[in-house]
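Some notes on the structure that comes next.
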Amino acid sequence: MSLQRMLKLLYALVLCVSANEDFDWTKNERGSFYYGTFPTGRVFLGAGGSAYQTEGAWDKDGKGMSIWDVFAPKKGKDLPQRHRRPLLRRILQDDITLMKDMKFNHYRFSISWPRIFPNGSKKGIKYYDDLINMLLDNNITPIVTLYHWDLPQVLHEKYGGWQNASMVNYFNDFANLCFERFGDRVKYWITFNNPWSSAVEGYETGEHAPGLKLKGTGAYKAAHHIIKAHAKVWHTYDTQWRSKQKGLVGISLLADWGEPVDITNQRDIEAAERYVQFYMGWFATPIFNGDYPQVMKDYIGRKSAQQGLGTSRLPVFSSQEKSYIKGTCDFLGIGHFTTRYITQKNYPSGRGNSYFTDRDLVELVDPRWPDPGSEWLYSVPWGFRRLLNFVKTQYGNPMIYVTENGVSEKVQRCTDLCDEWRMQYFKDYINEMLKALKDGVNVKGYTAWSLLDKFEWDEGFSERFGLFYVDFLNKNKPRYPKASVQYYKRIISSNGFPNQREVESWRRKATETCSSSNQLLAADPLTSHMEMVTEIVVPTVCTLCILLAAVFLMFLLRGRF
Ligand code: NOJ
């Protein structure tokens with residue numbers, strides 16, 4: 001039985017025991033829909049993507065290798081067809097037209113570090129220059145991430161990547177170059193995207209590049225250097241660029257919400273808080289308050305001592321570092337997709353250590369939650385409002401940009417452009433954000449994740465998050481709008497959810513358009529097939545013919561002399 005199934009069953013049992021209290025944490029009955037709009041000019045809606053997930057052309061135009069260029073093929077997750085494509089200006093222009101048509105306020109993308117630095121080329125810089133200029137020409141604000149997981153491979157090989165403190169200066173040099181080249185036009189910078197994944201999946205579980213399994217230490221060390229690198233880059237901007245460029249620098253943290261399984265049980269309540277502190281608080285608390293969350297220091301410190309270690313596995317910031325790191329955030333980016341129920345569980349420290357056992361908790365899911373796509377992604381809209389309120393109270397109501405929120409689809413459904421479940425997900429999650437705004441949370445922007453179907457890291461191309469379907473096998477990578485494009489477009493143009501009658505008509509109208517797109521898509525395999533014939537079969541046959549002719553000629557000539 002899979003772990004996921006066991007968790008579901010376990011949770012079903014838990015539900016029977018703990019009844020279904022309505023938590024009055026927000027005085028909001030879950031499930032109730034709020035009709036209303038965002039205050040004019042207050043919350044901006046757009047979409048996003050990232051360099052490694054969408055660009056292709058991994059070896060074109062002087063780009064160096066990233067850790068993902070090495071890791072993904074090893075895992076058999078990369079499709080060569082996708083990467084044969086050089087960066088196409090035409091595609092950029094087409095994508096920007098799509099965004100313009102949807103009336104996006106902003107587009108979030110990342111700059112590939114190895115594309116422009118340290119072995120990068122002018123062509124890489126020109127590519128991002130063009131992208132930024134085209135966005136601005138169309139009144140779309142660029143929100144630019146400096147690190148969306150694609151560390152230059154050379155820095156990994158030479159220094160061990162984020163395990164090494166030297167990354168702080170390397171990253172700062174790269175960021176400084178970006179401020180210098182693009183900062184006249186880019187006003188929103190995100191230093192790191194979801195450093196939790198870089199640290200935990202890159203250096204603890206090894207599911208992500210560079211694939212290291214340094215249990216119980218690797219993630220903490222990587223995070224320590226990432227936090228310092230973030231702070232350094234913020235200071236660089238603050239001291240060298242801010243007065244001229246007048247932009248903002250933030251970080252984007254991913255966090256699931258953790259809800260106590262039993263709201264009356266103090267141990268569950270604390271475990272749920274620990275879950276969020278070990279997730280988002282790990283990065284947010286140093287950045288807002290100067291040091292790691294107390295609960296992380298206590299738990300990891302105690303377990304390290306029990307293991308006979310002289311010092312905690314959680315590194316320590318000096319008092320100078322604390323004051324240098326504190327306050328280095330002009331806005332907080334939040335990536336949020338799902339929620340877990342949390343209950344307390346002790347893990348004896350003798351049995352090996354890991355980030356996960358350090359937390360002393362178990363994650364559960366409600367089997368009734370919809371899970372249309374990725375295995376981990378359950379649709380639990382009310383968790384979003386709670387997370388946003390948590391940020392408000394924990395970190396002094398910072399300015400928030402939701403930098404990622406969306407849902408994928410399972411591969412069997414991938415050619416279904418009538419993505420009912422995605423419309424529902426966006427409707428409910430954006431509605432919870434609207435409620436959070438009414439709670440006083442300082443949300444400024446929302447980024448649907450993602451504009452396009454793209455490479456989904458360790459899942460390869462099997463999970464599609466896009467508003468637009470992309471045919472990866474076709475050389476031209478055509479895009480087809482899913483029904484959610486129409487739906488999201490209406491949320492944007494109405495600036496929220498004006499009234500029940502109108503909102504209910506959106507779904508019907510959106511589904512009308514997607515069946516014709518489905519027909520277009522159905523014709524596409526033929527095009528891909530033709531391309532395969534012209535790109536692979538024809539050249540192979542021609543080469544064979546030439547070889548045969550050469551051999552034949554050799555025989556003829558031998559016979560003659
Ligand atoms: C967070 C990552 O930042 C993003 O790249 C990814 O596509 C989403 N999670 C969905 O898994």
Side-chain angles (χ1 to χ4, degrees), residues 46-56 66-69 71-72 75 77-78 82 107-113 143-151 162 190-202 205 207-209 222-223 226 230 250-257 279-280 282-284 332-340 371-380 383-384 387 401-411 414 419 421-422 425-426 429 445-470 472 484:
S50 81
Y52 190 75
Q53 292 182 281
T54 45
E55 280 177 2
S66 81
I67 50 174
W68 276 94
D69 292 318
F71 183 79
K75 296 279 160 192
K77 292 294 184 190
D78 216 9
R82 197 176 75 89
Y107 177 59
R108 176 183 174 218
F109 65 92
S110 73
I111 294 180
S112 158
W113 186 355
I143 298 189
V144 180
T145 309
L146 291 165
Y147 188 78
H148 202 125
W149 307 355
D150 44 2
L151 181 77
W162 291 109
I190 292 168
T191 53
F192 287 89
N193 171 73
N194 183 5
W196 183 92
S197 273
S198 299
V200 173
E201 295 176 298
T205 67
E207 290 159 287
H208 280 193
I226 288 175
H230 160 82
I251 188 167
S252 172
L253 303 179
L254 189 93
D256 297 352
W257 175 243
Y279 214 138
M280 184 170 64
W282 184 6
F283 301 90
L332 180 62
I334 292 184
H336 175 75
F337 292 87
T338 194
T339 282
R340 291 288 182 268
D371 60 337
S374 314
E375 216 194 342
W376 53 270
L377 207 173
Y378 293 81
S379 176
V380 194
F384 192 23
L387 179 74
Y401 280 85
V402 175
T403 40
E404 286 184 20
N405 177 243
V407 66
S408 53
E409 60 218 46
K410 289 196 178 90
V411 98
C414 71
D419 53 348
W421 66 96
R422 187 173 284 107
Y425 183 98
F426 280 134
Y429 272 76
Y446 173 89
T447 311
W449 195 259
S450 46
L451 177 71
L452 304 172
D453 285 341
K454 55 187 171 20
F455 179 76
E456 192 45 42
W457 308 111
D458 51 325
E459 300 300 334
F461 289 91
S462 64
E463 291 174 8
R464 291 173 176 267
F465 275 83
L467 287 157
F468 287 87
Y469 177 91
V470 176
F472 297 119
S484 49

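Here the structure is a predicted model, which is why all the values come from computation and not from measurement. Numbering of ligands and ligand atoms starts at 1, following listing order. Numbering of residues begins at 1 and proceeds along the displayed sequence.
- Side-chain atoms of Arg108 and Ser252, non-hydrogen and from C-beta on, do get closer than 4.5 Å to each other.
- Considering every non-hydrogen atom in both Pro195 and Ile251, the closest pair reads CG-CD1, 4.2 Å.
- Ring to ring, Phe192 and Trp162 are close: their centroids are under 6.0 angstrom apart.
- In this structure, the separation between OG on Ser110 and CG on Leu146 is 9.0 Å, given to the nearest 0.5 Å.
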Between ligand 1 and the protein, find all N/O pairs closer than 3.5 Å and give the distance for each.
residue: ligand 1; atom: 3 (O); partner: His148; partner atom: NE2; Å: 3.2
residue: ligand 1; atom: 3 (O); partner: Asn193; partner atom: ND2; Å: 2.8
residue: ligand 1; atom: 3 (O); partner: Glu404; partner atom: OE1; Å: 3.3
residue: ligand 1; atom: 3 (O); partner: Glu404; partner atom: OE2; Å: 2.7
residue: ligand 1; atom: 5 (O); partner: Gln53; partner atom: OE1; Å: 2.8
residue: ligand 1; atom: 5 (O); partner: Gln53; partner atom: NE2; Å: 3.4
residue: ligand 1; atom: 5 (O); partner: His148; partner atom: NE2; Å: 2.9
residue: ligand 1; atom: 5 (O); partner: Trp457; partner atom: NE1; Å: 2.8
residue: ligand 1; atom: 7 (O); partner: Gln53; partner atom: NE2; Å: 3.0
residue: ligand 1; atom: 7 (O); partner: Trp449; partner atom: NE1; Å: 2.9
residue: ligand 1; atom: 7 (O); partner: Lys454; partner atom: NZ; Å: 3.4
residue: ligand 1; atom: 7 (O); partner: Glu456; partner atom: OE1; Å: 2.9
residue: ligand 1; atom: 7 (O); partner: Glu456; partner atom: OE2; Å: 3.4
residue: ligand 1; atom: 11 (O); partner: Glu456; partner atom: OE2; Å: 2.4

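- Rounding to the nearest 0.5 Å gives a distance of 12.0 Å between CZ of Arg422 and OG of Ser379.
- Contact detail for Trp449 and Gln53: the closest heavy-atom pair is CZ2-OE1, 3.5 Å.
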